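Have a look at the structure below before the remarks.
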Amino acid sequence: MQKSNPYKPIYKVKKSTKNTFKVQRATQKLSVENLEQQCIKLGFSLTMPQLSALYNYMFLLQKWNQSMNLVGKSAWEDILSELIVDSFHLAKYLNAHASFAPTGIPFSAQNEKIYCFQYYENEHDFEAWDLGAGAGLPAIPLRILWNQGSYTMVEAREKRSLFLNMACTKLGLENTFVCRNRAENFMQDKTAQLIISRAFMPYEKMLAFVAPYLASQKDNGSIIFLTLEKINASQFNNDLFQWNTKNIYEYMVNGKKKYLCEIEKLSN
């Protein structure tokens, strides 16, 4: 069921015609058809509504990138194959997760050469946070492909939070919210079952930072790091909190290994 947005945007969108030529160059050959072909090459098949939403996000990202430098890449093919592909793997991982996956996804789909995403209703009531959401990577492509629970992107910077609000509104992402705030202020008096982290802060600091607000193992709480290395969470144990690396999902991007490291809080 669609929830109302608890974090109402406080910004007004300013229309501008600047950098029109740069946007045209950056989005050259960006179409739903070409996007579909590139996704297939990466090993993923999206439904037409998913492709359409991803196209709109990428076009909006390219447009705003000309003035805000949201991402370092300029060509849409590079953004897809080097940045958005992480969202594909994260969505695939969560779509097969014991706690966060929708029911009805065939287990065999995990092992297909081309992974086929499908649309499923939001069947779960849990809180997921993306702290320091930036340009919405991995969050927005992830929510296009995996729509379970209530997902909040927390971003302190005004322009980036404005971009995120625009993207969520344009794409019509359900139960996906943007909160312009510092993470430590946002988390007060709240608990999340899932936290996504992509280079927000070093692992040890991040675990200590979110520990009081992350649900424990018995309540299916997890934090997933998108990393370039495997994480042994037990090395960060202390008198206050105990950690365990629950699972490590390995994948390749342009010949380089990347990892999704799921860590659970054992006790506090």
Side-chain angles (χ1 to χ4, degrees), residues 38-46 50 54 71-73 77-102 105-118 120 128-149 151 192-207 210 214 217 220-237 242-266:
Q38 292 299 318
C39 289
I40 291 294
K41 289 181 180 179
L42 294 172
F44 297 95
S45 176
L46 281 62
Q50 290 169 344
L54 184 60
V71 292
K73 305 296 179 181
E77 296 94 337
D78 294 335
I79 294 175
L80 178 69
S81 63
E82 297 183 31
L83 299 176
I84 293 179
V85 69
D86 294 326
S87 302
F88 291 171
H89 285 282
L90 182 54
K92 176 182 177 181
Y93 180 79
L94 291 173
N95 276 331
H97 197 281
S99 302
F100 307 123
I105 292 185
F107 183 79
S108 60
Q110 300 174 62
N111 303 315
E112 297 291 338
K113 188 174 182 180
I114 301 295
Y115 184 90
C116 297
F117 288 107
Q118 300 180 45
Y120 290 88
W129 301 342
D130 187 327
L131 306 180
L137 293 166
I140 291 181
L142 171 64
R143 293 304 283 174
I144 293 172
L145 304 172
W146 171 81
N147 66 339
Q148 302 299 297
Y151 195 104
Q193 283 71 48
L194 176 63
I195 297 177
I196 305 295
S197 177
R198 182 178 191 170
F200 181 57
M201 60 176 61
Y203 313 136
E204 181 176 11
K205 291 183 178 180
M206 183 68 177
L207 290 173
V210 303
L214 177 66
Q217 178 192 38
N220 300 317
S222 290
I223 178 170
I224 297 180
F225 289 96
L226 285 75
T227 74
L228 298 175
E229 59 185 344
K230 298 179 180 179
I231 301 175
N232 176 16
S234 61
Q235 65 181 310
F236 304 125
N237 289 348
Q242 305 293 311
W243 302 97
N244 174 57
T245 301
K246 183 177 181 179
N247 194 24
I248 295 178
Y249 171 97
E250 178 182 314
Y251 60 101
M252 301 290 292
V253 175
N254 294 335
K256 297 181 180 179
K257 289 183 180 180
K258 286 190 173 185
Y259 304 93
L260 302 176
C261 299
E262 182 179 0
I263 295 173
E264 56 187 0
K265 184 177 69 175
L266 298 181

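Every value quoted in this text rests on a predicted model; they were computed, and no experiment measured them. Throughout, numbering of the chain's residues begins at 1 and tracks the sequence.
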Worked verdict on Tyr251 versus Lys92 for side chain to side chain contact (heavy atoms under 4.5 Å, CB included): CA-CA 11 Å; Tyr251 60 101; Lys92 176 182 177 181; over 6 Å; no
Main-chain N/O of Pro141 paired with Ser87 side-chain donor or acceptor, under 3.5 Å: no
Residues which pass ring-ring contact (aromatic ring centres under 6.0 Å, His included) with Phe88, listed by chain and number, not counting sequence neighbours: Phe44
Donor-acceptor under 3.5 Å (Asn220 side chain, Ser99 main chain): no
Set of residues satisfying side-chain contact (heavy atoms from CB on, under 4.5 Å) with respect to Asn247, sequence neighbours excluded: Tyr93, Glu262
Non-hydrogen atoms of Cys261 and Ile248 that approach each other most closely: SG-CG1, 4.2 Å
Ala135: partners by side-chain contact (heavy atoms from CB on, under 4.5 Å), with sequence neighbours left out: Leu61, Leu70, Val71
Pairs touching residues 132-145 that satisfy salt bridge (charged side-chain N to carboxylate O under 4.0 Å, His left out), sequence neighbours left out: none
Gap separating the CH2 atom of Trp243 from the CG atom of Asn237, nearest 0.5 angstrom: 9.0 Å
Non-neighbouring partners of Gln217 that pass side chain to side chain donor-acceptor pair (under 3.5 Å), sequence neighbours left out: Glu264
Min side-chain heavy-atom separation Ile196-Pro138 under 4.5 Å: yes
Heavy-atom pair with the smallest gap, counting every atom of Ser222 and Leu214: O-CD1, 3.5 Å
side-chain contact (heavy atoms from CB on, under 4.5 Å) partner of Ile84, chosen from Leu42, Ile79, Ile144: Ile79
Polar side-chain atom of Trp146 near backbone of Phe100 as donor-acceptor pair, under 3.5 Å: yes
Under the ring-ring contact (aromatic ring centres under 6.0 Å, His included) test, residues paired with Trp129 that sit two or more places apart: Phe186
Derivation and outcome, side chain to side chain contact (heavy atoms under 4.5 Å, CB included), residues Ile231 and Phe236: CA-CA 10 Å; Ile231 301 175; Phe236 304 125; 4.0 Å; yes
Asn244 to Ala233 - nearest heavy-atom pair and separation: C-CB, 3.9 Å
Side chain to side chain donor-acceptor pair (under 3.5 Å) partners of Asp78, counting only residues at least two apart: none
side-chain contact (heavy atoms from CB on, under 4.5 Å) against Met252, all qualifying residues, sequence neighbours excluded: Lys257
Nearest heavy-atom neighbours spanning Ile223 and Met206: CD1-CG, 3.9 Å
With sequence neighbours excluded, residues passing side chain to side chain donor-acceptor pair (under 3.5 Å) with Glu229: Tyr203
Listed once per pair and sorted, the salt bridge (charged side-chain N to carboxylate O under 4.0 Å, His left out) pairs that draw on residues 79-91, sequence neighbours left out: Lys73-Glu82, Asp86-Arg198, Asp86-Lys258
Side-chain donor or acceptor of Lys265 paired with backbone N/O of Gly221 under 3.5 Å: no
Any residue meeting side-chain contact (heavy atoms from CB on, under 4.5 Å) with Ile40, in chain and number order, not counting sequence neighbours: Ser45, Ile114
Gln193: partners by side chain to side chain donor-acceptor pair (under 3.5 Å), with sequence neighbours left out: none
Inter-residue atom distance Tyr115.OH - Cys39.SG, 0.5 Å rounding: 14.0 Å
Nearest-0.5 Å distance, CG of residue Leu142 to CG of residue Leu94: 6.0 Å
Separation of Leu226 CG from His89 NE2 (nearest 0.5 Å): 10.5 Å
Distance in Å, His97 NE2 paired with Ile224 CD1, rounded so as to fall on 0.5 Å steps: 5.5 Å
More than 12 heavy atoms from other groups under 6.0 Å of CD on Glu204: no
Side chain to side chain contact (heavy atoms under 4.5 Å, CB included) between Asp130 and Tyr151, worked out: CA-CA 8 Å; Asp130 187 327; Tyr151 195 104; 3.2 Å; yes
Distance-only side-chain donor-acceptor flag, Tyr120 / Asn147, under 3.5 Å: no
Chi angles and distances behind the side chain to side chain contact (heavy atoms under 4.5 Å, CB included) call for Phe225, Leu207: CA-CA 10 Å; Phe225 289 96; Leu207 290 173; 4.0 Å; yes
